[in-house]
Amino acid sequence: MTFKSIKGTKDLLPDESGRWLHLEAVIREVMTAYRYAEIRTPTFEETAVFSRGIGEETDIVGKEMYTFTDKGGSSLTLRPEMTASVVRAYIQHSLAEQGGVTKVYYIGPMYRQERPQAGRLRQFHQFGAECIGAAAPACDADIIAIAADIYARLGIRCTLKLNSVGDPVCRPKYREVLQAYLAGVHDRLTLESQRRAETNPMRVLDSKAPQDIDATMDAPSILDHLSDESRAHFDAVRACLDDFGIPYVIDPRLVRGLDYYTKTAFEFVSTDLGSQDALGGGGRYDGLTEQLGGKATPAVGFAAGMERLLMVLEKSGYTFPSDALSVYIVGLDERSRRWSHVQAVRLRREGIPAECDFTGRSLKAQMREANKRGARHVVIVGEEEMASQRAIVKTMETGEQQSIEFASLLSYFLRLPVSPNSDASAYVSTH
RNA sequence: GUGAGCGUAGCUCAGUUGGCAGAGCAUCAGAUUGUGGCUCUGAGGGUCGCGGGUUCAAGCCCCGUCGCUCACCCCA
């Protein structure tokens, strides 16, 4: 019996890690341009950070958390999302005292114990951004623009759905109106929605069951019940998006699964995915900081799924940059083999990707390997070359060969133009 | 938590009414001296998920079990 990775977790193998590096590079580029700085928090927290932050009533807290007790008896939880952790760190380190707005982004693994399926894993990866410390609608638009830009940069077709879920003034009132309406159609709702009509009526509108959609066809809209403040905020966010040239559709039924949202709520959905089509989403969470024991602080943020992004990119035939190998160095006998390794190291120290054979294979086999690896040039050295101190340099694309003095090999490769399809950003370290 | 489908080579999958375990791709080697791709030839690689049962005989039928996948719920 051999070991296997845990259900719902995946190994990222060498032939696909380049795609992740590229994606991460694009994300970091956009985040940096927007002047958001990376934040890294621990992958686990005291359980209460999430149960209080996200809300006891949510599915995430109710049934999806990876919670365990450590040897000291504390209840700890693997983070199911990042916002609560970021806010905890914001409070803990008094970032508010530095003045101004705190703008951070993150990329990392999250954990939810659910039954895995297409586009859903137990360990999955999200990137996202949070803008903490300002109530202006411009912040909401700024956050949305980041996500929209990243998707645009990757050529992804998706729809931005926008809504307002109101504030502590108008939401309770709307809730009553909605509840009254739902009571009227009670018998036509699914059992699940009948239950939710009591606990979290707005989620009934979010149901995908045809039965529920039919029954709530002309349910009262939150947008007709917004307070003046929320109304003005919503309109201002829309105006910003219009100014930015970011298209969106208003969806008054959009309700996100986390309890902390106020005012703006949004979601990016893909038309190219299966049943898990949410690429990312977010919203304003003006009450969360207080919820976690800090001073009342307005904030907005979004989170998006990396795996789902990759799925869409692969479906759309997105061309990822190739990890071009520049030089493969073939050695034929013991002495030339040792020489070829030394040359490979010299080239690498100059930033030129180079490889040589470690398995003592034949010239033909090494050539095959070089070709398979996509080497642009192959250096061939055997007894004769060692004797004459001149190496054969073959350009794979054309098949042309020339003889180059050992002494000028390095400068020969340094003079070559950088290949057009290599992408330096693919090699940017992520740590 | 609920429902459905699938487990055969590294990968994708054939395998008939139960009768010697297969293909394509990949890997490795070769096609006159030390040269890749295309082509050709050959080789290696299997506890048919696991355990039990029926049978002269099980990849195939029956029971159990584990795993994977997809869907519901919800989300990324």
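In what follows, chains carry the letters A, B, and so on, assigned in the order in which the sequence lines appear, proteins first and then strands, with residues in each chain numbered from 1.
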Using a 3.5 Å limit on both pairing distances, list the dot-bracket string of RNA chain B from the 5' end; Watson-Crick and G-U wobble pairs count, crossing pairs take [ ], interstrand pairs take |.
(((((((..((((.....[..)))).(((((.......))))).....(((((..]....))))))))))))....
Atom CD of A:E81 and atom P of B:rC74 are separated, to the nearest Å, by 18 Å
Less than 3.5 Å apart, any donor N or O on the side chain of A:Y36 or A:D142 sitting next to an acceptor on the other?
yes
Kindly point out which of B:rG30, B:rC74, B:rG67 is positioned nearest to the side chain of A:K364?
B:rG30
Taking the six-membered ring for Trp, are the ring centroids of A:Y318 and A:H22 within less than 6.0 Å of each other?
yes
Looking only at side-chain N and O atoms, does A:R115 come under 4.0 Å of OP1 or OP2 in B:rG3?
no
Check for a donor-acceptor pair, side chain of A:R79 on one end and backbone N or O of A:P109 on the other, with a separation under 3.5 Å.
yes
Mind listing the N/O atom pairs, protein and nucleotides 37-44 of chain B, below 3.5 Å?
residue : atom : partner : partner atom : Å
B:rG37  : O4'  : A:N371  : ND2          : 3.0

Would you classify A:A365 as touching base, sugar-phosphate or nothing, given that sugar-phosphate means primed atoms plus P, OP1 and OP2, and contacts are heavy atoms under 4.0 Å?
sugar-phosphate
Per A:L332 side chain, nearest of listed nucleotides B:rG30, B:rG1, B:rG34
B:rG34
How about A:H377 and A:F413: are their ring centroids closer than 6.0 Å?
yes
Under 3.5 Å donor-acceptor pairs involving side-chain atoms of residues 395-403 of chain A, not counting sequence neighbours:
residue : atom : partner : partner atom : Å
A:T398  : OG1  : A:E400  : N            : 3.2
A:Q402  : NE2  : A:Y412  : OH           : 3.0
A:S403  : OG   : A:R390  : NE           : 2.9

Do the non-hydrogen side-chain atoms of A:Q194 and A:L182 ever get within less than 4.5 Å of each other?
no
Judged by each residue's nearest nucleotide on RNA chain B, which is more toward the 5′ side, A:E267 or A:Q401?
A:Q401
Can you tell which of B:rG30, B:rU2, B:rG34 lies closest to the side chain of A:S362?
B:rG30
Heavy-atom donor-acceptor pair, A:R203 side-chain to B:rC74 base, under 3.5 Å
no
From B:rC74, B:rA29, B:rC75, nucleotide with atom closest to A:R112 side chain
B:rC75
Contact class for A:E384 vs. all strands (heavy atom < 4.0 Å): base, sugar-phosphate, or nothing?
base
Separation of the C1' atoms in B:rA58 and B:rG51, to the nearest angstrom:
15 Å
How long is the line joining NZ of A:K63 and P of B:rU2, in whole Å?
12 Å
Listed partners of A:Y90 passing side chain to side chain donor-acceptor pair (under 3.5 Å), at least two apart
none
When rounded to the nearest Å, what value does the distance between C1' atoms of B:rG46 and B:rA23 take?
15 Å
Touch class at under 4.0 angstrom, heavy-atom based, for A:L309 against every strand present
nothing
Side-chain donor/acceptor of A:E130 to backbone N/O of A:K103, under 3.5 Å
no
For B:rC66 and A:K7 - does any side-chain N or O of the residue sit under 4.0 Å from the phosphate oxygens OP1/OP2?
no
Which of the following nucleotides, B:rC70, B:rC28, B:rU35, is nearest to the side chain of A:A118?
B:rC70
Quick check, are the ring centers of A:F268 and A:Y151 under 6.0 angstrom apart?
yes
Counting only N and O atoms by type, is there a donor-acceptor contact under 3.5 Å from the side chain of A:E385 to the main-chain atoms of A:G382?
yes
Please measure how far the C1' atom in B:rG44 lies from the corresponding atom in B:rC68, and state the result in whole Å.
28 Å
Atom CG of A:L254 to atom P of B:rC74: distance rounded to whole Å?
14 Å
Return the set of residues passing salt bridge (Lys or Arg N to Asp or Glu O under 4.0 Å) with A:D286 (not counting sequence neighbours), or none when no residue passes.
A:R284
Value in whole Å for how far the P atom of B:rC66 lies from NZ of A:K4:
13 Å
Could you tell me if the ring centre of A:Y285 sits under 6.0 Å from that of A:Y260?
yes
Where do N or O atoms of nucleotides 10-12 of chain B meet protein N or O atoms at under 3.5 Å, pair by pair?
none

Taking any heavy-atom pair under 4.0 Å as a contact, classify A:G119: base, sugar-phosphate, or nothing.
base
What distance, rounded to whole Å, do you find between the two C1' atoms, one in B:rC48 and one in B:rA14?
13 Å
Donor-acceptor pair, A:T190 side chain versus A:S193 backbone, under 3.5 Å?
yes
Taking only side-chain nitrogens and oxygens of A:Q366, does any of them come within less than 4.0 Å of OP1 or OP2 of B:rU35?
no
Counting only side-chain nitrogens and oxygens, does A:Q117 get under 4.0 Å of the OP1 or OP2 atom of B:rA71?
yes
Answer yes when A:R373 and A:E369 have at least one side-chain N-carboxylate O distance shorter than 4.0 Å, and no when they do not.
yes
Using a 4.0 Å heavy-atom cut-off, does A:E385 contact any base of the nucleic acid, only the sugar-phosphate backbone, or nothing at all?
base
Considering only heavy atoms from C-beta outward, does the side chain of A:V379 approach that of A:V327 to under 4.5 Å?
yes
When you compare B:rG10 with B:rG49, how far apart are their P atoms, in angstrom units rounded to a whole number?
13 Å
Rounded to the nearest angstrom, tell me the gap between atom CD1 in A:I60 and atom P in B:rG1.
19 Å
Donor-acceptor pair (no angle test) under 3.5 Å: A:E114 side chain, B:rA76 base
yes
Can a side chain N or O of A:R361 be found less than 4.0 Å away from OP1 or OP2 on B:rA29?
yes
Rounded to whole angstroms, how far apart are CE on A:M367 and P on B:rA29?
14 Å
In whole Å, what is the span from the CZ atom of A:R120 to the C1' atom of B:rC68?
16 Å
Can you tell me, in whole Å, how much space there is between the P of B:rU12 and that of B:rG53?
32 Å
Determine the Euclidean distance between corresponding P atoms of B:rC61 and B:rU8; express it in Å to zero decimal places.
15 Å
For atom C1', what is the distance between B:rC13 and B:rA26, given to the nearest Å?
14 Å
A:D357 has an atom CG; how far is it from atom P of B:rC28, in whole Å?
11 Å
